[in-house]
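Counting starts at 1 for both ligands and their atoms, following the listed order.
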Amino acid sequence: MQGLHTYALMGEAIGAAVLGASGFTGGELVRLLHGHPGLELRFLGGAGSVGQTLDEAQPHLGALDVGAMPIQAMEPAIVATAADLVFSALPSGSSAGLLPAIVEAGSRAIDLAGDFRLPAEDYPPWYGFDHPAPSWLDRALYGLPELFAKRIADAALVANPGCYATAMVLGCAPILEAGLAEPGPIRVDGKTGLSGSGRGAMEATSFASTEDAIRPYRFPGHQHTPEMERGLALATGLDVSVLFVPHLIPAVRGVVTTCYLPAAPGVTTELLTSCLAGAYELRPFVRVLPPGAMVDAKRTRGSNVVELQAVADPRTGTVVVIGALDNLVKGAAGQAIQNANLMLGLPESVGLPTAGVWP
Ligand SMILES: NC(=O)c1ccc[n+]([C@@H]2O[C@H](COP(=O)([O-])OP(=O)(O)OC[C@H]3O[C@@H](n4cnc5c(N)ncnc54)[C@H](OP(=O)(O)O)[C@@H]3O)[C@@H](O)[C@H]2O)c1
């Protein structure tokens, strides 16, 4: 493991694998990794797309010099031989059965699915399956870089956080820790664009169903509910409960979480803002907005940035914390590469965009 840190610091490229290379987050991983100076793409894995080349599966990546790379079956020993670092962008339930064998074969891994984010007993009710490798759940590190960077550095297996949970936990943790809000039930309203559902076309996410539609979904059973509770507990030591209602909106990318917390006495918007600004002062990917400014997920598109704002509403005794990010970048592939940088002893921002695509 120490060897990997040394290679990265010496400037030699580390071999990387992307499992799920034909999917939305897999495509973002390939796009971002291609511009990373310390990581070199050496293996692409898939299921139904095995036998295709990258440019056949992801035509928008066809002009890259890796466009002719084949997508291969994901045999653990072969993946581990090809790559020191493995990014798994497979559906939930698939990486749990695969990554332990890959790590045992000598690679380090980052899972973008939810397969290593929760305790074993949470998988049947929230994910609908019994975890096939429960002993690995304690070994996996919850990879929220702004809060757990030191621990991530030595991890062999990192559970990359979910998109909603990233925005929510980054916004609420410093405020709860500073005692500016009471740890009562936190009500969270989430909005997501359609790419959050993955590439497989379904009637419910088709253009015909979603054009002009705004609708709640998977309430009260969305799997990011226990992840938000656990992420806050890891960050603050507090036991909080979360009520989470996600909504689908007719956009392609973007997540916004609006969180309502009971305010501590005397809290002002200025106090909340300086709390967030102080917590993330040196963090390259957190942008805390001044009082009066409002977050916009569109500004974060294509970047690894999360925008945060916090407002006190003394009339109702409420603290409102809002976060916005690109679900495929800071909510998935970008954050995974940020974790990889920490695991390799590199500055966390290497190879990652801080400027969004506009308009
Ligand atoms: N989309 C987001 O905004 C987002 C954000 C954060 C985290 N995530 C997580 O990232 C993971 C990938 O999401 P996505 O949106 O990229 O999904 P996606 O577009 O549907 O892609 C899924 C990928 O997994 C492969 N795959 C499908 N079924 C498989 C199976 N049974 N066994 C092995 N591989 C299989 C597919 O390969 P073939 O095409 O070759 O079959 C494809 O490459 C999910 O766990 C998701 O929860 C997604």
Any atoms of ligand 1 less than 4.0 Å from a non-hydrogen atom of [X]? List them with their elements.
| X | value |
| --- | --- |
| Gly48 | 38 (P), 40 (O), 41 (O) |
| Ser92 | 45 (O) |
| Arg199 | 18 (P), 19 (O), 20 (O) |
| Gly46 | 40 (O) |
| Ala332 | 5 (C), 6 (C) |

How far is [atom] from its nearest protein heavy atom, and which residue and atom name does that atom have?
| atom | answer |
| --- | --- |
| atom 48 (C) of ligand 1 | Thr25 CG2, 3.6 Å |
| atom 24 (O) of ligand 1 | Pro91 CD, 3.3 Å |
| atom 17 (O) of ligand 1 | Gly198 CA, 3.8 Å |
| atom 40 (O) of ligand 1 | Ser49 OG, 2.5 Å |

(message) Counting only heavy atoms closer than 4.0 Å, does ligand 1 sit against the backbone of Ala113, its side chain, both, or neither?
(response)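 Both backbone and side chain.
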(message) One residue to check: Ser195. Relative to ligand 1, which of side chain, backbone, both or neither has a non-hydrogen atom less than 4.0 Å away?
(response)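 Backbone only.
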(message) With a 3.5 Å distance limit and no angle check, can you tell me whether Thr236 reaches the backbone of Glu177 through a side-chain donor-acceptor pair?
(response)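 Not confirmed, Thr236 side chain does not pair with Glu177 backbone.
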(message) Under a 3.5 Å distance rule, please check whether Arg117 uses its side chain to pair with a backbone N or O of Asn160 as donor and acceptor.
(response)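 Indeed, once roles are kept as given, a pair shorter than 3.5 Å links the two residues.
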If hydrogens are left out, which of [options] has an atom nearest to [atom], that is, the closest non-hydrogen atom?
| atom | options | value |
| --- | --- | --- |
| atom 38 (P) of ligand 1 | Ser94, Gly45, Gly93, Ser22 | Ser22 |
| atom 6 (C) of ligand 1 | Cys163, Ala21, Gly331 | Gly331 |
| atom 45 (O) of ligand 1 | Leu98, Leu90, Leu112 | Leu90 |
| atom 5 (C) of ligand 1 | Asp115, Asn327, Asp326, Thr166 | Asn327 |

(request) Give a yes/no on ligand 1: does Met74 have at least one heavy atom closer than 4.0 angstrom to it? (result)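 Right, Met74 reaches ligand 1.
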(request) Check if Ala89 has a non-hydrogen atom at a distance under 4.0 Å from any atom of ligand 1. (result)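 Checking ligand 1 against Ala89, which is what was asked, there is a heavy-atom contact under 4.0 Å.
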With a 4.0 Å cut-off, would you call [X] and [Y] a salt bridge?
| X | Y | answer |
| --- | --- | --- |
| Lys330 | Glu307 | no |
| Asp189 | Lys191 | yes |
| Glu227 | Arg230 | no |

N/O to N/O below 3.5 Å, does that happen between [X] and ligand 1?
| X | answer |
| --- | --- |
| Gly23 | yes |
| Phe24 | yes |
| Gly26 | no |
| Gly114 | no |
| Ser197 | no |
| Leu328 | no |

(request) Assess the side chains of Gln335 and Thr166: does a donor N or O sit below 3.5 Å from an acceptor N or O? (result)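 Note: Gln335 and Thr166 side chains meet the donor-acceptor criterion.
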(message) Testing the 3.5 Å rule here: is there a donor-acceptor pair between the side chains of Asp65 and His34?
(response)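 Yes, His34 and Asp65 have a side-chain donor paired with an acceptor closer than 3.5 Å.
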(message) I'd like to know if Leu33 and Ile102 are part of one continuous hydrophobic network [Ile/Leu/Val/Met/Phe/Trp/Tyr, side-chain heavy atoms within less than 4.5 Å].
(response)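 No.
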(message) Is the distance from the ring center of Phe219 to that of His247 below 6.0 Å?
(response)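 They do not qualify: ring centres at least 6.0 Å apart.
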(message) Distance check, rounded to the nearest 0.5 Å: Ile337 atom CD1 versus His36 atom NE2?
(response)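 Between Ile337 CD1 and His36 NE2, I get 6.5 Å after rounding to 0.5 Å.
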(message) Nearest 0.5 Å, please: how far is SG in Cys163 from CG in Leu112?
(response)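 It comes to 10.5 Å.
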(request) Grab the two heavy atoms, one from Pro250 and one from Ile214, that are nearest each other, plus how far apart they are. (result)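 For Pro250 and Ile214, the tightest heavy-atom pair comes out as CD-CG1, 4.1 Å.
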(message) With side-chain contact (heavy atoms from CB on, under 4.5 Å) as the criterion, how do Trp136 and Val103 come out once you've worked through the C-alpha distance, each side chain's angles and the decisive distance to 0.1 Å?
(response) CA-CA 10 Å; Trp136 282 79; Val103 174; 3.7 Å; yes
(request) Determine the interplanar angle of the Tyr123 and Phe129 rings, folded into 0 to 90°, and report it as parallel if under 30°, tilted if 30 to 60°, perpendicular if over 60°. (result)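 Taking Phe129 first and then Tyr123, their aromatic rings sit tilted (interplane angle of 30° to 60°).
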